[in-house]
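The block underneath contains the structure these notes are about, expressed in structure tokens.
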Amino acid sequence: MHLPDGFLGPKSSAAFMAAALAALGFAFRKVLSHVSEPAFVRALAAAGDKVKSITGKGLRTLSSSGSEYIGKLAMVSSIIFAFQMFNIPVTGGISGHFIGAVFAAIVLGPWGGLCAMAVVLSVQSFFFSDGGISALGANIFNMGIIAAVGGYFLLKGLTVIRFPYYIALFITAVVSVIAAAAACATEIALSGTYGLYDSLASMIPVHVRIGLWEGTLTVILSLIVRKIMGWTVK
Amino acid sequence: MKKIFGFVIVVIVIIAGAALFSSDLPDGLDSFIGNRGLHRFSGIHVSPFIDYQIPIFKDRNWGTFISGLIGTFLCAGFFLFFRFLFARLTKLHKQD
């Protein structure tokens, strides 16, 4: 799933990097507003009963729930990195593996999930050469935007039409892997490295199998974090 | 604290599993990694920026295991450092 350097042309790489940076900027702002609170809220609490109100805006401080949330971001990103170590070779330098994007999205929300995936993919790319640095934007687009953000909203849609939660979660995880693989194959074809049919034919069958594992593992992980860690999954 | 300790143990077990599993693939992965050159589990290179051999990384199992530990530490460390920095920069100072 990780596109290496040289698979995408310079224009495609730049376009995907721009798209990924824009989405990450938006996600980071969402996460930042989620983990912080206006400074006067904390100042008011510290002042006690004597001060009834403080006016002012601008400065924000880290909230206690926000501190816990960032701890979750750290734990989820590290477990996703560990699970992504199980690689299955597909063809010509592309590997298939557990993505964990839907798991990240249900624990952290779509934007937190995107941030976690971006950090995992960046560490893999910069420190371990798993996925090219020039293809990092495309990899974040496939596994972060399509799989995590897209997967989250697909799950929401399925639960709105009254699918049982865990069945919807399984389906979403399977679809997220196949969708990300299809996007990856399409990007390779658009860059002219391989034809669209060849790319899809080599990626999709493998990722259907990986998707079934992903669905099972996502359901198991969500049960574990719910029952043992006491986290809420959305 | 117990939960975090348990979580760390689980992550280490997953990494150990990946280290053992990846070395047992009959063909595919070994040659595939060789073709890709600088790969995290190649057992040769730690990073595109650090181009030298570390003795323990010559052994694929150990190389994979330690790469996994470094990677998970980096992922978690990024967010924990961000939390530290954010809390530090936006800390309210009490004025007497």
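Just so it is clear: chains get the letters A, B, ... in the order the sequence lines come, proteins before strands, and each one is counted from 1.
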Measure the SG-CG distance between B:Cys75 and A:Leu121 for me, rounded to the nearest 0.5 Å. 9.0 Å

Taking every non-hydrogen atom, the tightest pair across B:Ala76 and A:Ser77: N-OG, 4.2 Å

Heavy-atom side-chain proximity of B:Ile14 to A:Ile79 below 4.5 angstrom: yes

Separation of B:Phe82 CZ from A:Cys115 SG (nearest 0.5 Å): 8.5 Å

Are there more than 12 heavy atoms of other residues, nucleotides or ligands under 6.0 Å from atom CH2 of A:Trp231? yes

Side chains of A:Ser78 and B:Phe79 in contact at under 4.5 Å (non-hydrogen atoms): no

Quick one: CE on A:Met75 to CD1 on B:Ile4, what's the gap to the nearest 0.5 Å? 5.5 Å

At what distance, to the nearest 0.5 angstrom, does CZ of A:Phe83 lie from CD1 of B:Ile15? 10.5 Å

If you look at every heavy atom in A:Glu68 and B:Arg83, which pair is closest and at what distance? N-NH1, 4.4 Å

Name all pairs fulfilling the ring pair (Phe, Tyr, Trp, His ring centres under 6.0 Å) condition that reach into residues 99-122 of chain A, sequence neighbours left out, sorted by first residue then second. A:Phe26-A:Trp111

Where does A:Val120 contact chain B at under 4.5 Å (heavy atoms): side chain, backbone, both or neither? both

When rounded to the nearest 0.5 angstrom, what is the spacing between OG in A:Ser122 and CG in B:Leu74? 11.5 Å

Exercise: identify the closest heavy-atom pair between B:Val11 and A:Ala82: CG1-CB, 4.2 Å

Check side-chain contact (heavy atoms from CB on, under 4.5 Å) between A:Ile220 and all other residues, then give those that pass, not counting sequence neighbours. A:Thr216, A:Ile224

Over 12 non-hydrogen atoms of neighbours within 6.0 angstrom of OH in A:Tyr69: yes

Tell me if the aromatic rings of B:Phe73 and A:Phe81 count as close, with their centers under 6.0 Å from one another. no

Got a second to check how far A:Leu62's CG is from B:Leu85's CG, nearest 0.5 Å? 11.0 Å

Considering residues, nucleotides and ligands other than A:Lys30, do more than 12 of their heavy atoms fall under 6.0 Å from its NZ? no

B:Phe86/A:Thr61 under side-chain contact (heavy atoms from CB on, under 4.5 Å): CA gap, chis, key distance, verdict: CA-CA 8 Å; B:Phe86 189 41; A:Thr61 56; over 6 Å; no

